[in-house]
Enquirer: 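Sharing a structure, written as structure tokens. Questions coming.
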Amino acid sequence: MHGEVRLRLTEVEAYDGERDPASHAWRGRTARNAAMFGPRGHAYVYFTYGMHYCLNVVTGDEGTASGVLLRAGEVVAGTEVARARRPGAPPRDLARGPARLTKALGVDANQYGVPLLDPAGELRLERAGDTPGPELVSSGPRVGVSREAERPWRFWLTGDPTVSPYRPAVKRRR
DNA sequence: CGGTTGATTATCT
DNA sequence: GATAATCAACCGT
């Protein structure tokens, strides 16, 4: 959650640090990905496509650079605030996609590197209820990555309407 | 519906 | 100079 807006996560995607060709950390540490190499439980926020922010949770030990991209969620509190940030969006689309999620939450470069497990933090990750069992979770190829897209490291709640529509990675023309 | 395209810039080659 | 862990608008069917 961030401020008044609370999300129930429905879709995430994993990246395996420097060993993973699809990871931002693949070519080693840079100014942009420095937070991925930091302690687990902190935020790695990146800016892409000239206009979007995406939010990751750092999951590996310090120096490891693994992370999980938060791809989608269902807004369960603070709907008014989220709707004001995404005017015109149908309720189920408020956080349906990694950039939509940060927009609805109000996350941007200001949250780069902040701790997510601090109960006093504005932006934080909380456990709510039991971890869903395998019968409720699906997995498949990651989205938008051109290398190693076949790794089935995107996970989502089966049948949940707030999961982002699957779009296979394609080479862009120009 | 589904497919295509422009937006817009930090980052890396 | 090209690309990118994307989105929304716009097309034709």
Side-chain angles (χ1 to χ4, degrees), chain A residues 2 5 7 9-38 40-60 64-75 81-114 116 123 125 137-157 159-174:
Chain A
H2 186 219
V5 182
L7 245 51
L9 294 175
T10 57
E11 180 184 359
V12 298
E13 204 164 86
Y15 291 89
D16 186 19
E18 296 176 276
R19 294 194 294 277
D20 183 352
S23 169
H24 287 167
W26 186 43
R27 295 171 205 269
R29 183 176 192 137
T30 66
R32 177 209 206 188
N33 65 26
M36 287 190 91
F37 289 82
R40 77 176 74 225
H42 286 234
Y44 165 52
V45 179
Y46 69 89
F47 182 70
T48 191
Y49 290 103
M51 62 191 87
H52 299 304
Y53 290 97
C54 294
L55 171 63
N56 293 249
V57 180
V58 177
T59 55
T64 300
S66 297
V68 170
L69 170 68
L70 307 186
R71 289 196 54 88
E74 174 191 0
V75 177
V81 177
R83 194 158 54 198
R85 291 185 178 128
R86 297 194 14 83
R92 78 177 51 168
D93 285 359
L94 284 174
R96 191 185 187 212
R100 293 166 168 184
L101 182 148
T102 57
K103 189 91 187 293
L105 277 180
V107 165
D108 57 24
N110 291 316
Q111 280 74 41
Y112 188 91
V114 301
L116 298 174
L123 176 64
L125 196 61
V137 179
S138 302
S139 69
R142 295 179 287 186
V143 174
V145 310
S146 47
R147 292 188 247 249
E148 296 278 316
E150 68 278 8
R151 286 195 203 200
W153 281 6
R154 183 169 73 102
F155 301 92
W156 65 95
L157 294 181
D160 193 291
T162 65
V163 171
S164 70
Y166 172 59
R167 302 174 286 279
V170 288
K171 279 219 152 188
R172 306 198 107 231
R173 293 157 286 132
R174 179 70 17 158

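In what follows, every chain begins at residue 1, and chains take the letters A, B, ... in the order their sequences are listed. What's counted below: heavy atoms across the whole structure, side chains too, no hydrogens, waters or symmetry copies.
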Enquirer: Round to a whole Å and report the spacing from NE2 of A/His24 to P of B/dT13.
Expert: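 Nearest whole value for this atom pair: 12 Å.
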Enquirer: What's the CE-P distance between A/Met36 and C/dA5, to the nearest Å?
Expert: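 Distance check: A/Met36 CE to C/dA5 P gives 11 Å.
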Enquirer: On a heavy-atom basis, which atom in A/Trp156 and which in A/Gly140 lie closest, and how many Å separate them?
Expert: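 Heavy atoms of A/Trp156 and A/Gly140 come nearest at CZ3-N, 3.3 Å.
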Enquirer: Apply the test ring pair (Phe, Tyr, Trp, His ring centres under 6.0 Å) to residues A/His24 and A/Tyr46: give CA-CA distance (whole Å), side-chain angles for both, the deciding distance (0.1 Å), then the verdict.
Expert: CA-CA 10 Å; A/His24 287 167; A/Tyr46 69 89; 4.6 Å; yes
Enquirer: Whole angstrom is fine here: how far is it from OH in A/Tyr53 over to P in B/dT9?
Expert: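 For the pair A/Tyr53 OH and B/dT9 P, the rounded distance is 11 Å.
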Enquirer: Between atom CZ in A/Arg32 and atom C1' in C/dA4, what is the gap in whole Å?
Expert: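 Distance check: A/Arg32 CZ to C/dA4 C1' gives 7 Å.
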Enquirer: Whole angstrom is fine here: how far is it from CG in A/Asp93 over to C1' in C/dT6?
Expert: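 Computing the A/Asp93:CG to C/dT6:C1' distance gives 14 Å.
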Enquirer: Measure from the side-chain heavy atoms of A/Phe47 and tell me the nearest of C/dA8, C/dA5, B/dA10.
Expert: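 The answer is B/dA10, which lies nearest to the side chain.
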Enquirer: B/dT13 phosphate, OP1 or OP2: any side-chain N/O from A/Arg27 under 4.0 angstrom?
Expert: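 Affirmative; the distance criterion is met.
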Enquirer: So, OP1 or OP2 of C/dA8: does either fall under 4.0 Å of a side-chain N or O from A/Arg86?
Expert: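 A/Arg86 to C/dA8 OP1/OP2: side-chain N or O found under 4.0 Å.
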Enquirer: Would you mind reading off the distance between A/Tyr49 atom OH and C/dC7 atom P, rounded to a whole angstrom?
Expert: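 Taking OH of A/Tyr49 and P of C/dC7, I get 9 Å after rounding.
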Enquirer: Checking contacts here: which listed nucleotide (B/dT8, C/dC7, B/dT9) is nearest the side-chain heavy atoms of A/His52?
Expert: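 Looking only at heavy atoms from C-beta outward on A/His52, the closest nucleotide is C/dC7.
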Enquirer: Please determine whether a side-chain nitrogen or oxygen atom of A/Thr48 lies at a distance below 4.0 Å from atom OP1 or OP2 of B/dT9.
Expert: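 For B/dT9, neither OP1 nor OP2 has a side-chain N or O of A/Thr48 closer than 4.0 Å.
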Enquirer: Quick check: closest heavy atoms across A/Ala109 and A/Tyr53, and the distance to 0.1 Å?
Expert: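 Nearest pair, atom of A/Ala109 first, then A/Tyr53: N-CE2, 3.6 Å.
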Enquirer: Output yes when at least one side-chain N/O atom of A/Arg71 is less than 4.0 Å from OP1 or OP2 of C/dT6, else no.
Expert: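 Affirmative; the distance criterion is met.
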Enquirer: Closer than 3.5 angstrom, by distance alone: can the side chain of A/His42 be matched with the main-chain N or O of A/Gly113 as a donor-acceptor pair?
Expert: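 Yes, because the side chain of A/His42 sits within donor-acceptor range (under 3.5 Å) of the backbone of A/Gly113.
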Enquirer: Choose from B/dT8, B/dC12, C/dC7 the nucleotide whose nearest atom is closest to any side-chain atom of A/Met51.
Expert: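 Selected nucleotide: B/dT8.
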Enquirer: Considering Watson-Crick and G-U wobble pairs with both distances under 3.5 Å, what does C/dG12 pair with?
Expert: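 Per the H-bond distance test, B/dC1.
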Enquirer: Would you kindly give the CG-to-P distance between A/Leu94 and C/dA8, to the nearest whole Å?
Expert: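 Those two atoms, CG and P, are 11 Å apart.
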Enquirer: To the nearest angstrom, how far is A/Asn33 atom CG from B/dA10 atom C1'?
Expert: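 Atom CG in A/Asn33 sits about 13 Å away from atom C1' in B/dA10.
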Enquirer: According to the Watson-Crick and G-U wobble definitions, with both distances under 3.5 Å, which nucleotide is paired to C/dT6?
Expert: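 WC or wobble partner is B/dA7.
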Enquirer: Determine if A/Tyr46 stacks with C/dA5; use a centre-to-centre distance below 5.5 Å and an interplanar angle below 30° as the criteria.
Expert: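 Aromatic stack with C/dA5 absent for A/Tyr46.
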Enquirer: With side chain to side chain contact (heavy atoms under 4.5 Å, CB included) as the test, would you mind laying out the steps for A/Tyr44 and A/Arg32 before giving the verdict?
Expert: CA-CA 9 Å; A/Tyr44 165 52; A/Arg32 177 209 206 188; 4.0 Å; yes
